[in-house]
Amino acid sequence: MSEEKSEVTITIQPYGKRIKVPKGIDLLEAIRRAGIVIRSVCGGMGKCGKCKVILKSGQVDFQYNPEEKLLTPEELDRKVILACISRCLSDCEIFIPPETRIEGQRIQTDAAIPKISPEPIVEKIFIPKEALIVEIQRIRQQYSVTEFLSSKLEEIVKRSTEGVTVTISKQDKRLMDVEEGNTKNRLFGLAVDIGTTKIVSYLVDLTNGNRLSVASEYNAQIAYGEDVVSRISYAMESKDGLGMLQKAVVDTINLLVEEMAKKH
Ligand code: FES
């Protein structure tokens, strides 16, 4: 007797992506899990008609009410379905049409940002080799130092030929990091503008306020609704919805940080 499959494979075109998902999951969730963001204004409530995809092959349970008139008869003939109300019943291949994709629109990042004189709450202090014993003792007395940083400090001090640079937080009086050599001039800050649609981040040189790099990306929360109200509904009504939304925004910021860090 053949065992019923508990997982199905979804092939997503034109990206050529394949993903295994639990059988019965809706296509919008499968697309999200594949890391693709599509339009979903209502956040997957089956109300906006924006998450259109074309079913090329396979079987889905499409729970569509024609009275809602979200699709035209012509679209239904072309096997256009709404991803959020289509549960995957077998291996499927779908095509995401251009109007459903969120890409190719230019993200504006060239806003005029006034030059600022930063007053960072962190400071880097270079301690030359000859002053290490006295200065390290002072740091230990004046700042809180975790066990991890304490051993790192000892280790770096032992092997350092030139001296060490310590990063301290002036706000809560704690040691934040220790580096070998003089890295005093490499003090960076990150400014992040989190918008409903896009996230723009700036890497700033905190020693002089110069903007070193800018990176932008669509806010991955779009996959859970294009407006704030839809996202709030998603957070309230879905199991771990809030966690998913938080992860989406953090993932986007991490992506931007990684992109900018590679350049500096
Ligand atoms: S109808 Fe599917 S996201 Fe709105």
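Whatever order the structure lists ligands and atoms in, that order sets their numbers, starting from 1.
- Proximity of Glu162 to Phe126: side-chain heavy atoms (C-beta onward) are separated by under 4.5 Å at one or more points.
- With sequence neighbours left out, the salt bridge (charged side-chain N to carboxylate O under 4.0 Å, His left out) criterion links Glu237 to no other residue.
- Comment: Lys198 does not engage Asp193 in a salt bridge, judged by the lack of any side-chain N to carboxylate O separation of less than 4.0 angstrom.
- No option in Thr167, Thr165, Thr183, Asp177 other than Thr183 meets the side-chain hydrogen bond (donor to acceptor under 3.5 Å, both in side chains) test with Lys124.
- Less than 2.8 Å away from atom 4 (Fe) of ligand 1, the protein contributes these N/O/S atoms: Cys42 SG, Cys48 SG.
- Checked for salt-bridge contact, Lys158 and Glu154 miss the test: no charged N lies under 4.0 Å from a carboxylate O.
- Contact annotation: the side chain of Met260 never approaches that of Phe188 to less than 4.5 Å [non-hydrogen atoms, C-beta and beyond].
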